[in-house]
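Report on the structure given below.
Reckoned from all heavy atoms, side chains included, excluding hydrogens, waters and symmetry mates. Letters A, B, ... mirror the listed sequences (proteins, then strands); counts begin at 1.
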Protein chains: 2
Amino acid sequence: MWRTYDGLVNEMSDTDQGLGLRELKKRQSRIAMHRAALELVSEHGLNGVTVEAIAHRAGVSTRTFFNHWSTKESAIIGVLSAGDDEIAERLRHLAEDQGPQQALRTVMREAISSAPIDAGLRELKKQVMAKEPRLHSLSTGNLHSVQTEMVEALAEVLEGEDAQERAMLAVQIGFAVTRTAFAVSMSRGIDLGTAFDEVLDRYDAADGIF
Amino acid sequence: MWRTYDGLVNEMSDTDQGLGLRELKKRQSRIAMHRAALELVSEHGLNGVTVEAIAHRAGVSTRTFFNHWSTKESAIIGVLSAGDDEIAERLRHLAEDQGPQQALRTVMREAISSAPIDAGLRELKKQVMAKEPRLHSLSTGNLHSVQTEMVEALAEVLEGEDAQERAMLAVQIGFAVTRTAFAVSMSRGIDLGTAFDEVLDRYDAADGIF
DNA sequence: ACAGAATCTGCACTCAGTAAAATATTGCAT
DNA sequence: ATGCAATATTTTACTGAGTGCAGATTCTGT
């Protein structure tokens, strides 16, 4: 089965044990495309770059490009919800121990922390993201499917008649914090995870901010 | 000057006084396109409808379609930030009287309440929105420009070193509430404005929801 | 080495959105 | 009412994203 890949671009350097040549080439190919996309966008801007150009620099056909990435932007970002269901499942699981609120926070924090890209690319990506606002909204996942799955999972845990709507609100606020963390991490050039912690502190402290 | 229209589709019936034939036709044309878009999407689904088809049913050329709407989706929704700057300006103004927090709430509420579409279309639109999740994210404005302008305006009012980041967080939470209100209004079939009020109540009441 | 599966590629296609120039319509001044 | 300027529409032609398909290649297990 061959699904469009919207997952994470992993480094391969050391962690290639027992993966098979096929899987290894797939990863190399993905990194090549991701890198090519970042470099070209950095050089010519988001609108100055065609998929054809990216594919060419990465040494693949444009058709292959779309076998790996669902859109031009996804190749640039190189990251999107590693698997909608898994996140929801993790949320359900954590909620048993930590309770709904803390579980939600933990899941959010985990979801953004997992970004093991090549160190050289990280800098380039940061620079590109800063110059192309269009990419922000995508990276913070306005992706409907994840949100609805999370709401669903959370609603099961929360009890009461209005569980559904409280879950909606909670998830939306969670995303709001995440988006803010994203912006902060970009503008100050700090790690996304620590930015998240900071914003969360601010959120807890801030009374009457909205 | 002729800008792509991303504003509101207004009813023309009674409020046509002294608008000139030119402006009037413009409105008729927009409503025709908006209606055609809704009807066709309702019939064939979002992906089953081309701009060409919409334009044809509305009796205009496809090029004219894009003179009025920046994307296919915007014609379906028929609403988007009536003018990025104006909202920010309104925010600045309100903040003087009401203070930043209340001003932000008021602006948000105003921005969504102004939806004076034809009553017949409202029902159709509700139905279409319920079936096409892709449209949700658009209607709640992931539009970067509005957000940044609002953050900027709010940051001026807020004082202190971290004004910028507090403003970001506040605006993001505001949008979170709005998005939730949107979802609630869809799922329960109630007015967007009242949904907003309800969610806001819940937000104020809810402690430890996130 | 061989069969079968996974992946890549080229080709043809649809459709969104833009550009530019020609044409039509409206507003206004006379 | 008539002609001129501004504004809106159309036609035509184009770029580029994304998909479907069929055939070639490359990997995997045996």
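For the residue pair Gln127(A) and Ser42(A), a side-chain donor N or O sits within less than 3.5 Å of a side-chain acceptor on the partner.
Nucleotide dT7(C) holds its P atom 6 Å from the CZ atom of Arg22(A), rounded to whole Å. Per the geometry, CZ belonging to Arg63(B) stands 12 Å off C1' belonging to dA21(C), to the nearest Å. If you measure from atom NZ of Lys26(A) to atom P of dA5(C), you get 16 Å, rounded to the nearest angstrom. Regarding Glu73(A), its CD atom lies at a distance of 12 Å from the C1' atom of dG16(D), rounded to whole Å. Per the geometry, CZ belonging to Phe66(A) stands 15 Å off P belonging to dG10(C), to the nearest Å. For the pair Arg134(A) CZ and dG17(C) P, the interatomic distance rounds to 11 Å; values are reported in whole Å. Rounded to whole angstrom, the span from the CG atom of Asn67(A) across to the C1' atom of dT26(D) amounts to 15 Å. If you measure from atom CH2 of Trp69(B) to atom C1' of dA8(D), you get 16 Å, rounded to the nearest angstrom.
Of the side-chain N and O atoms in Lys72(A), none sit less than 4.0 angstrom from OP1 or OP2 of dG18(D). The shortest distance between the side-chain N/O atoms of His68(B) and the OP1/OP2 oxygens of dA8(D) is not below 4.0 Å.
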Worked verdict on Arg105(B) versus Glu110(B) for salt bridge (charged side-chain N to carboxylate O under 4.0 Å, His left out): CA-CA 9 Å; Arg105(B) 291 181 174 210; Glu110(B) 284 177 358; over 6 Å; no
Check against side-chain hydrogen bond (donor to acceptor under 3.5 Å, both in side chains), Thr106(A) and Gln98(A): CA-CA 9 Å; Thr106(A) 306; Gln98(A) 312 183 346; 2.9 Å; yes
Step-by-step salt bridge (charged side-chain N to carboxylate O under 4.0 Å, His left out) determination, Glu149(B) to Arg92(B): CA-CA 11 Å; Glu149(B) 299 232 31; Arg92(B) 255 181 273 261; 5.4 Å; no
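Between Arg109(A) and Asp197(A), the closest side-chain pair of non-hydrogen atoms falls below 4.5 Å. The side-chain heavy atoms of Phe210(A) and Tyr203(B), taken from C-beta on, include a pair separated by under 4.5 Å.
Heavy-atom distances under 4.0 Å link DNA chain C to Val49(B), Thr50(B), Val51(B) of residues 42-61 of chain B, given in residue order.
Residue order along DNA chain D, read from the 5' end via each residue's closest nucleotide, puts Thr62(B) first among Thr62(B) and Thr62(A).
Rounding to the nearest 0.5 Å places CD of Glu73(B) at 10.0 Å from CD of Glu132(B). With values rounded to the nearest 0.5 angstrom, Gln172(B) atom CD is found 6.0 Å from Arg179(A) atom CZ.
Salt-bridge annotation for Glu52(B) and Arg57(B): absent, with no side-chain N of the basic residue lying under 4.0 Å from a carboxylate O of the acidic one.
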With 3.5 Å as the limit, what N/O pairs link the protein to nucleotides 1-3 of chain C?
none

